[in-house]
Peer 1: 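What follows is a single structure, and I will ask about it in a moment.
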Amino acid sequence: MSTYSVSDTAAAAPRATVTFADLSGSYGVGLAASLAWLAFGLSCLYWPDVGDWSRTGSLGIGAIVIAAFILFGTLSADYLGSAGQALRKRAPWLVAFGAVVTLWEVATAKFAWLPLPFFPPPQAILEVYTDDLPKLLDSVLASIKLQLGGYIIGATVGFVTGVSIGWSQRIGYWVHPVLRFIGPLPATAWLPIAFFTFPSSWSASTFLIALATGFPVTVLTWSGVASVSSAYYDVARTLGAKPSFLVLKVAIPAALPHVFVGLFMGLGSSFAVLVVAEMIGVKAGLGWYLQWAQGWAAYSNMYAALIVMSLLCSGAITLLFRTRDRLLVWQKGVVKW
Amino acid sequence: MVVLTAAEAITYPAVGAELDIEGVSHAFDIDGAVLPVLDNVSLSIAPGEFVALLGPSGCGKSTLLRLVAGLEKPRAGSLREDEARITGPHPSRVVVFQDPTLFPWRTVWDNVALGLEAQGILKAQRHRVDEVIELVGLSSFRNAYPHQLSGGMAQRVALARALVNDPKILVLDEPLGKLDSLTRIAMQSELVALWQRKGFTTLLVTHDVEEALVLANRVIVLSDRPARIKADIAVARPYPRHRGDPYLAELRKQILGLLGLEATW
């Protein structure tokens, strides 16, 4: 009897608590996010700046607009479809992000807890994006051009070399020792030589980026081709396959998962070379922008450039992964058609 | 499912090729030592015949199949298909291996199309791929990837991939060895039906005496390595055969005796 009465009271209670549970569950985090951004906006507007920054007001208003969007989005998430779901999923991050920028704002622009020229406030970085946009965009384009050219050359050469040495022992005999000797050398070690042997700093940098990309792509393509089960070749041969078919339709598709690991590693090491090459030799690009900003002690410009650079690198890797998921759809447990 | 009915009489349409194995010996070099695997094997198989090779594990049965397929060359002796010497692989002699070895990056349809594509005749003969997928009863799986198939379905795809080439000699290397016993029995009947319908010469390697007796016209019993032919047994029974047939049971007893396993009977 007593157990029944306990569950009876428990069953009676929910009616009143459902809305509260909803509030603290799906809505609560969204509301907290909205509050965090409101706090950020108000912190911009409430206290006076300790320095001279022109964008404090717009940043504060912008933050309040964001807070309003989050509030609106949270309350009507059920009617916004996938956008509402996405907002709900990211709400905890929005809380954390809002809290961090508020703290950042207060610690730099308002009370200068952090030493000032080295730790610029958010509005200073916003100022860079609004006032120095043309130069920053030029740098972004220059970086993308250089990176893309070098990466495509390096990936192509690495892939072809990897397939050749994985397939042909004769080519492997000649290429393997060269690869072992040159490959592990960091591409940046070639910098001084590259910059005076190549006709332009642009071609030198392209070469270095290609080199940094090519080595991991070569090694992983090679190991991918070498590890293809001989049973696949037996099957293809008994079905009448010629050597070209064995390479193009058996070895390469089977090696593709390895190739993508190589492409990923190559992308990582080529970013490092890109930045160093731009800092030292090329008079354009984000690496050069960083160097230039440092020369002028323009720390907010450096942070602004770093943020852009991080977005670009992460975007490039996302793009590579998307391509892989498309091409290697057969590998995954869940197949998308 | 599969619409295959086994005919009563054994017919040999002219599709199959004659296979002559003459005095074939083969050996492997392992760490400098020569390991003989086949010792003077001679065997003549008539067009359209279904021959099973039985022998103890590791005796060299699969090696003989690789030689027939042209994947390796014998150290001595010769193999001929319709009087023409076998010097390399050819789509008229297709092998179905114990593992289906489907290409995981290709769909069922693309896997079956492999042979036609490799020979550069796929464009004109796409309908044959559809037909043979239909024949093995996998039409609704044509766009599936191999990892989505069961073991039996995968082996059916492997069979379809072989059959699409209209082989004259179908070489089967324990193709049902890894299947569960129910699927195995079902696929044995399908295999007989396909063979009767298409008329290709079939060479089957198996460990399973019962399977050999249910499927083959002739059972060749091989010795321990290096393999020699110990017995050549005709199985004069019409299809479909019944596992409980006393004639087959008597043959089974004899064969197990030849393999040194009479005590288990």
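Order of the sequence lines fixes the chain letters, A, B, ..., with proteins taken first and strands second; residue numbering starts at 1 for each chain.
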Peer 1: Give me the ring orientation class for B:His26 and B:Phe28: parallel if the planes are under 30° apart, tilted from 30 to 60°, perpendicular past 60°.
Peer 2: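 Plane angle over 60°, so perpendicular.
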
Peer 1: Within residues 243-253 of chain A, which residues come under 4.5 Å of chain B, heavy atom to heavy atom?
Peer 2: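 From residues 243-253 of chain A, the residues near chain B are A:Phe245, A:Lys249, A:Val250, A:Pro253.
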
Peer 1: Does A:Tyr27 have A:Arg88 sitting over its ring (NZ/CZ under 6.0 Å from centre, angle to axis within 45°)?
Peer 2: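 Satisfied, under 6.0 Å and within 45°.
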
Peer 1: Which residues from residues 205-232 of chain A are near chain B, with near meaning under 4.5 Å between non-hydrogen atoms?
Peer 2: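 Only A:Ala231, A:Tyr232 of residues 205-232 of chain A have a heavy atom under 4.5 Å from chain B.
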
Peer 1: Can a salt bridge be assigned to the pair B:Lys61 and B:Asp173 using a cut-off of 4.0 Å between side-chain N and carboxylate O?
Peer 2: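 Answer for the salt bridge query: no.
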
Peer 1: Tabulate, in ascending numerical order, the residues of residues 146-161 of chain A having at least one heavy atom closer than 4.5 Å to a heavy atom of chain B, or enter 'none'.
Peer 2: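 At a heavy-atom separation under 4.5 Å, chain B is reached by no residue of residues 146-161 of chain A.
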
Peer 1: With the side chain counted from C-beta on, respond yes when B:Arg93 and A:Thr238 share a heavy-atom pair under 4.5 Å apart, and no when they do not.
Peer 2: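 Counting from C-beta outward, B:Arg93 and A:Thr238 never come under 4.5 Å.
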
Peer 1: Taking the six-membered ring for Trp, is the centroid-to-centroid distance between A:Phe321 and A:Phe260 below 6.0 Å?
Peer 2: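 No: the rings miss the under 6.0 Å criterion.
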
Peer 1: Are the aromatic ring centres of B:Trp109 and B:Phe103 under 6.0 angstrom apart?
Peer 2: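 No, the ring of B:Trp109 stays outside the 6.0 Å limit from the ring of B:Phe103, centre to centre.
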
Peer 1: Checking B:Trp195 against B:Phe50 for the ring pair (Phe, Tyr, Trp, His ring centres under 6.0 Å) test, could you report, in this order, the C-alpha distance in whole Å, the side-chain angles of both residues, the deciding distance, and whether it holds?
Peer 2: CA-CA 8 Å; B:Trp195 163 68; B:Phe50 196 136; 5.2 Å; yes

Peer 1: Do B:Val51 and B:Asn217 have side chains that get closer than 4.5 Å, going by heavy atoms?
Peer 2: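 SC-SC contact between B:Val51 and B:Asn217 ruled out.
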
Peer 1: Do the non-hydrogen side-chain atoms of B:Leu53 and B:Leu65 ever get within less than 4.5 Å of each other?
Peer 2: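 Yes, their side chains come closer than 4.5 Å.
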
Peer 1: Is A:Val140 close to A:Leu312 at the side-chain level, that is, under 4.5 Å between some pair of heavy atoms?
Peer 2: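 A:Leu312 reaches A:Val140 side chain to side chain.
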
Peer 1: Salt bridge or not between B:Glu22 and B:Arg80? Use side-chain N to carboxylate O under 4.0 Å.
Peer 2: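 Between B:Arg80 and B:Glu22 there is a salt bridge, with a charged N closer than 4.0 Å to a carboxylate O.
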
Peer 1: Where does B:Leu116 contact chain A at under 4.5 Å (heavy atoms): side chain, backbone, both or neither?
Peer 2: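 When you check distances to chain A, no heavy atom of B:Leu116 falls under 4.5 Å.
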
Peer 1: Is any residue of residues 267-274 of chain A within less than 4.5 Å of chain B by heavy atoms, and which ones?
Peer 2: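 Counting heavy atoms that sit under 4.5 Å from chain B, no residue of residues 267-274 of chain A is involved.
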
Peer 1: Under 4.0 Å between a side-chain nitrogen and a carboxylate oxygen: does that hold for B:Arg184 and B:Glu211?
Peer 2: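 Yes, this pair counts.
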
Peer 1: A side-chain contact here means heavy atoms from C-beta on lying under 4.5 Å apart; do B:Asp20 and B:Glu83 qualify?
Peer 2: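 Result yes, sub-4.5 Å side-chain heavy-atom pair found.
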
Peer 1: Drop me the distance from A:Leu286's CG to A:Ile307's CD1, to the nearest 0.5 angstrom.
Peer 2: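 Answer for the CG-CD1 pair, A:Leu286 versus A:Ile307, is 12.0 Å.
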
Peer 1: Check whether any side-chain heavy atom of B:Pro226 sits under 4.5 Å from a side-chain heavy atom of B:Val37, and report yes or no.
Peer 2: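 No, too far: nothing below the 4.5 Å cut-off.
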
Peer 1: So that I can tick it off, tell me whether B:Arg106 and B:Glu117 are bridged by a salt bridge, with the cut-off set at under 4.0 angstrom between side-chain N and carboxylate O.
Peer 2: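 Salt bridge: yes.
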
Peer 1: Do B:Asn143 and B:Val108 come within less than 4.5 Å of each other through their side chains, counting heavy atoms only?
Peer 2: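 The answer is no; the side chains never approach within 4.5 Å.
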
